[in-house]
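Accompanying notes for the structure given below.
Just so we're on the same page: letters track the sequence lines, and every chain starts at 1. Only a predicted model underlies this, so the values are computations on that prediction, with no experimental measurement involved.
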Amino acid sequence: MKVSGVKGFHDILPPESARWEALEEKARSVLRSYNFAEIRLPVLERTELFARSLGEDTDIVAKEMYTFQDRDGTSLALRPEGTASIVRAYLEGGLAASAGVVKLFYLGPMFRRERPQKGRLRQFHQLGVELIGRDDPASDAEVVTLLEDLLRAAGARAFRLEINSVGDSACRPLYREALRKYAVGVRDRLCTDCQSRIERNPMRLLDCKKEPCRLALAEAPSIETYLCGDCRAHFERVLTLLEEARASVSVNPRLVRGLDYYTRTAFEALAPGLGAQNAVGGGGRYDGLVARFGGPPKPAIGFAVGLERLVMIAEAAEEQRSGPQAAVIALVEEAEGSALALARRLRCAGVVCEVEGAGGSLKSRMRRADRGGATFALIIGEDELREGRATVRDMRGKRDYSKALRLEANGEELRRRLEELAHG
RNA sequence: GUGGGUGUAGCUCAACUGGCAGAGCACCGGGUUGUGGCCCCGGGGGUCAAGGGUUCAAAUCCCUUCACUCACCCCA
């Protein structure tokens, strides 16, 4: 019986896996340049970690987590996001004790039991960045430019960065209430989803996509007028710094975040071509989260990028083949050992090598070598074996070099010889 | 969780108002070619997503289930 995969859990097969690899490499290089260090986190956490950080009422916690009872009865969950784990690791690993700033990034699978669609899987991958221990506007600006540089380096071209301030514990409740009151007034012009949001999560009213709701809320109070003095000054400074740092960011006063822990600066990268799931990355400040888990009052800011979505919008860089590639072909069974040995020495010298045994027609083996990207076919038959050499066939130039390679030569020598032939 | 669309060869897809399951690509063998590419000949491959129903006859019509996909919702 054939066993199928799990809904929403996908394999990443070649050649797509190569695009992921290239993208991750570029991202790592940008992260290194910003002096962020990798943290490798477990995929499993105690369920309460997410319940307490994301908010009990968010959909993620309420109905999308994969949770189960461990054998000793504790409730565990596959992580639906990375920030909660970072904060836990930060405290547990004693990083909070150091006075300085901690700059971390992570990369890996996240799990949410949603209905799959374009750009949304049940196991998906995020690259996340967290800067913990500073609350100055320059940190906000630096993290935002990091997101921009990261996306650009990965090959994303057409994306838009939006930013807003969602206030803090002093001013957001006031705005929330003002918004709620306004929404009650226009209740019957809102869709049923929005009507239920009025009490549950009024901030979310602002990013409903339906036209009637947008019209009904066009005159709704804006967060800008409700920000407290500290939040306003912080936000304005962030915007100034971003402008001076030449970041292309635009303010969207209706931008809100889905998770409860965000404070002040919130931002998002939107891209066309992703269907309805148009956010490639998003994040913001979460100044209260470390303290909520019993740590010292450490402010922090971070973001996460959806890698499936990034792969979708990133222009694939043309793969650069460095140096000659070879296919070693044994014409007869007695030559197979020599073929393997030759290939092995070439590989040690850095030449990408494929070995074709004695089975099948020469024609099909040559064709495979050609399609596999080989620049040379190294053919070993009875004659070659007896004379201790391999016939080299140039796949492009249609030329033979019958005495080109001595079978007993070492890898370096072999590679140099192939490079000479490739250029001459 | 709610809707819509689609399921035929490894891949991309045909098959008219129901009438013998096909093509291109890929794969394998052969011919030709300086030993591969182009060209020519041949070959292997299918539970027509699964189950049930209607009919002399179902890939085609009806019902059920499943999978994939897009959108709502949610979010990166």
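The separation between A:Asp11 atom CG and B:G10 atom C1' is 16 Å, rounded to whole Å. With rounding to whole Å, A:Phe303 atom CZ is found 17 Å from B:C75 atom C1'. One can place CZ of A:Arg204 at 7 Å from P of B:C74, the figure rounded to the nearest angstrom. One interatomic measurement links the two molecules: CZ of A:Arg197 to C1' of B:C73, which rounds to 8 Å at whole-angstrom precision. One interatomic measurement links the two molecules: CG of A:Asp193 to P of B:C73, which rounds to 6 Å at whole-angstrom precision. B:C74 atom P lies 22 Å from atom CE of A:Met110, rounded to whole Å.
Checked against B:C75, B:G3, B:C28, the side chain of A:Arg368 finds its nearest nucleotide in B:C28. Taking every side-chain heavy atom of A:Ser364 into account, B:G29 is the closest of B:C68, B:A71, B:G29. Comparing B:A76, B:U35, B:A71 against the side chain of A:Ala276 picks out B:A71 as the nearest. Out of B:G30, B:A71, B:C75, the shortest distance to the side chain of A:Lys118 is found at B:A71. Comparing B:A67, B:A76, B:C72 by their nearest atom to the side chain of A:Arg115 picks out B:C72.
Taking 4.0 angstrom as the limit, A:Arg79 places none of its side-chain polar atoms (N or O) nearer than this to OP1 or OP2 of B:A76. Distances shown here put a side-chain N or O of A:Lys210 below 4.0 Å from the OP1 or OP2 atom of B:C73. Side-chain N/O atoms of A:Gln117 include none lying less than 4.0 angstrom from OP1 or OP2 on B:U69.
Within 4.0 Å of A:Glu64, counting heavy atoms only, lie sugar-phosphate atoms of the nucleic acid but no base atom. Across all strands shown, A:Gly119 has heavy atoms under 4.0 Å from base atoms, whether or not it also approaches the sugar-phosphate. Residue contacts shown for A:Arg365 are absent, as no nucleic acid heavy atom lies under 4.0 Å away. Using a 4.0 Å heavy-atom cutoff across all strands shown, A:Arg257 reaches sugar-phosphate atoms only and no base atom. Contacts of A:Ile379 with the nucleic acid, taken as non-hydrogen atoms under 4.0 Å apart, include base atoms. Residue A:Arg367 is in sugar-phosphate contact alone, with no base atom involved, counting any heavy-atom pair closer than 4.0 Å across all strands shown. Residue A:Phe124 is classed as a base contact, given a heavy-atom separation below 4.0 Å to a base. Among the atoms of the strands shown, none is found under 4.0 Å from any heavy atom of A:Lys63.
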Using a 3.5 Å limit on both pairing distances, list the dot-bracket string of RNA chain B from the 5' end; Watson-Crick and G-U wobble pairs count, crossing pairs take [ ], interstrand pairs take |. (((((((..((((.....[..)))).(((((.......))))).....(((((..]....))))))))))))....
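Between the P atoms of B:G3 and B:U65, the separation comes to 12 Å (whole Å). On the C1' atoms, B:A15 is 9 Å away from B:U60, given to the nearest whole Å. Comparing the same atom, P, in B:C16 and in B:A21 gives a spacing of 13 Å after rounding to whole Å. Across B:A9 and B:C61, the matching C1' atoms stand 26 Å from one another, rounded to whole Å. The gap from the C1' atom of B:A49 to that of B:A26 amounts to 23 Å, rounded to the nearest Å. Rounded to a whole angstrom, the distance from the C1' atom of B:G22 to that of B:U55 is 25 Å. Nucleotides B:U6 and B:C13, compared at atom P, are 13 Å apart to the nearest Å. B:C68 and B:U54 have their C1' atoms separated by 29 Å, with the value rounded to a whole Å.
Look at A:Arg415 and A:Glu419 and you find a salt bridge, because one of the NZ, NE, NH1 or NH2 atoms lies within 4.0 Å of a carboxylate O, short of that distance. Contact check on A:Arg416 versus A:Glu413 returns no salt bridge, with no Lys/Arg side-chain nitrogen under 4.0 Å from an Asp/Glu carboxylate oxygen.
No hydrogens or angles were tested; on distance alone, a donor-acceptor pair under 3.5 Å links the side chain of A:Lys363 to the base of B:G31. A donor-acceptor contact under 3.5 Å links the side chain of A:Arg120 to the base of B:C74.
Residues passing the salt bridge (Lys or Arg N to Asp or Glu O under 4.0 Å) test with A:Lys63, sequence neighbours excluded: A:Asp59.
Side chains of A:Thr391 and A:Arg389 form a contact here, defined as non-hydrogen atoms less than 4.5 Å apart.
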